[in-house]
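Numbers here are sequence positions counted from 1.
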Amino acid sequence: MANTGDDRRPKYQRIADTLREAIRSGEYGPGDRLPGENDLMAAHGVARMTARQALGVLRDEGVAEARKGAGVFVREFRPLRRRGIQRLAQQQWGNGRSIWSADIENRSLEVDQVTVSEEAAPESVAAVLDLAGGEPVCVRRRRFVLDGKPVLLATSYLPAALVAGSAITQEDTGDGGTYARLAELGYKPVHFREEIRSRMPSSEEATQLSMSAGTPVILVCRTAFTDAGRPVEINEMTLDAASYILEYDFDA
């Protein structure tokens with residue numbers, strides 16, 4: 001019988017597939033220790049490097065994590081289901097709730113590394129916000145940490161003249177966040193556009209998000225518009241792809 005495509009794959013990949021299926025079936029649950037290099041060498045008759053590569057595949061996929069001196073374990077972190085439509089509904093931020101409350105349920109969310117500055121608008125930002133070249137923007141940078149795991153980096157750009165003197169220029173924007181404050185200023189967002197791409201992270205992004213090697217990031221660029229069609233905010237987000245499920249639920 002001729003070999004199948006699967007049979008021709010490297011041994012380490014086939015071992016990784018076997019382990020991944022055991023995790024999916026529940027044989028190994030969150031927090032369980034996976035077979036070590038010696039175990040895999042004995043069970044599959046392979047060299048140590050092959051066993052190491054197999055475990056490395058699962059680490060790179062975000063399925064497993066190595067603990068120094070203890071072995072490789074099934075990752076306990078539960079991916080965040082990002083509800084792309086519900087989270088931006090006015091009933092969220094309009095009632096003083098964070099848009100994140102639509103996603104996190106009862107999980108612990110911390111926002112750190114918050115900085116707010118006034119900078120000259122990058123050319124791409126100025127073009128979207130209809131600003132003159134070099135016109136200043138309020139730039140809000142922050143990192144979101146869910147259950148102790150960094151999952152997202154976000155940078156928002158808003159016309160500096162529009163938000164001057166408001167809580168948007170402070171680290172803590174208050175209940176309902178930036179969109180609630182924009183509404184108070186007379187620039188309530190009523191329409192959003194999100195563009196989604198994917199790439200490998202920079203070394204700085206990988207460090208800030210505590211990412212495993214080989215894991216890509218998801219880039220979400222959201223623009224908020226008023227009812228007059230004026231763009232009032234651009235939010236550039238970098239998501240750890242292993243930490244997210246993007247969900248879009250809408251009527252036909």
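- Residues Ile15 and Tyr12 fail the side-chain proximity criterion, which asks for heavy atoms closer than 4.5 Å.
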Yes or no on side-chain contact (heavy atoms from CB on, under 4.5 Å) for Cys221 and Arg197, after CA distance, side-chain angles and deciding distance? CA-CA 9 Å; Cys221 181; Arg197 296 181 294 126; over 6 Å; no
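- Counting only heavy atoms from C-beta outward, the side chains of Met41 and Arg48 approach each other to under 4.5 Å.
- Comment: Arg199 engages Glu205 in a salt bridge, judged by a side-chain N to carboxylate O separation of less than 4.0 angstrom.
- Side-chain contact between Asp39 and Arg33: present, with at least one pair of heavy atoms (C-beta onward) separated by less than 4.5 Å.
- Side-chain atoms of Glu118 and Cys138, non-hydrogen and from C-beta on, never get closer than 4.5 Å to each other.
- In this structure, Ser166 contributes its side chain and Ile168 its backbone to a donor-acceptor pair below 3.5 Å.
- Using a 4.5 Å cut-off on side-chain heavy atoms (C-beta onward), Leu246 and Leu239 make contact.
- Side-chain contact check for Arg230 versus Leu162: some heavy-atom pair is nearer than 4.5 Å.
- Residue Thr226 comes nearest to Val232 through the heavy atom pair CG2-CG1, 3.6 Å, listed as atom of the first residue, atom of the second, then distance.
- Two residues are said to be in side-chain contact when any heavy atoms from C-beta on lie closer than 4.5 Å; Thr238 and Pro201 fail this criterion.
- When every heavy atom of Gly36 is checked against every heavy atom of Leu55, the shortest pair comes out as C-CD1, 4.4 Å.
- Between Ile23 and Leu34 there is a side-chain heavy-atom pair separated by less than 4.5 Å.
- A side-chain hydrogen bond (donor to acceptor under 3.5 Å, both in side chains) with Ser156 is found for exactly one of Glu236, Arg142, Arg140, namely Arg142.
- The pair Arg14-Asp17 does not meet the salt-bridge criterion, since no charged nitrogen lies less than 4.0 angstrom from a carboxylate oxygen.
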